[in-house]
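The structure appears right after this line, and notes come after that.
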Amino acid sequence: MGSLDEHILRTAKEIVVKFIETGRISPTGFNESFKAIYKSVEEAVKGTENIAGKDEENLTR
């Protein structure tokens, strides 16, 4: 697992824990909620990474 994936995993975990602490997610809904939050964080991070890569390509042309 790469460093970026570890950061995504930690971030998703922290978000879910905060939601459980504030009562927005019940512990019984952890599995479904964690998957959705992880996927959202991953898309946000890796989507930004792809956009940044395309911008760099355009600058070198």
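We use all heavy atoms of the structure for the numbers below, so side chains are in, but hydrogens, waters and symmetry mates are not. The structure presented is a predicted model; accordingly, all values stated were derived computationally and were not measured.
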Test log, rule side chain to side chain contact (heavy atoms under 4.5 Å, CB included), inputs F34 and I15: CA-CA 9 Å; F34 182 81; I15 291 169; over 6 Å; no

Stepwise side chain to side chain contact (heavy atoms under 4.5 Å, CB included) check, T11 with I37: CA-CA 9 Å; T11 301; I37 291 170; over 6 Å; no

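Hydrophobic clustering (ILVMFWY, side-chain heavy atoms < 4.5 Å, transitive): Y38 and L4 are in one cluster. Under the 4.5 Å side-chain heavy-atom criterion for ILVMFWY residues, a single connected hydrophobic cluster contains both V45 and L9.
Salt bridge annotation for D5-R10: absent, with no cationic side-chain nitrogen under 4.0 angstrom from a carboxylate oxygen. Contact check on E42 versus K39 returns no salt bridge, with no Lys/Arg side-chain nitrogen under 4.0 Å from an Asp/Glu carboxylate oxygen.
No donor-acceptor distance shorter than 3.5 angstrom exists from the side chain of S33 to the backbone of F30, with no hydrogens or angles considered.
In this structure, NZ on K46 lies 5.0 Å from CD1 on I8, to the nearest 0.5 angstrom.
E32 CD: 12 or fewer foreign heavy atoms inside a 6.0 Å radius.
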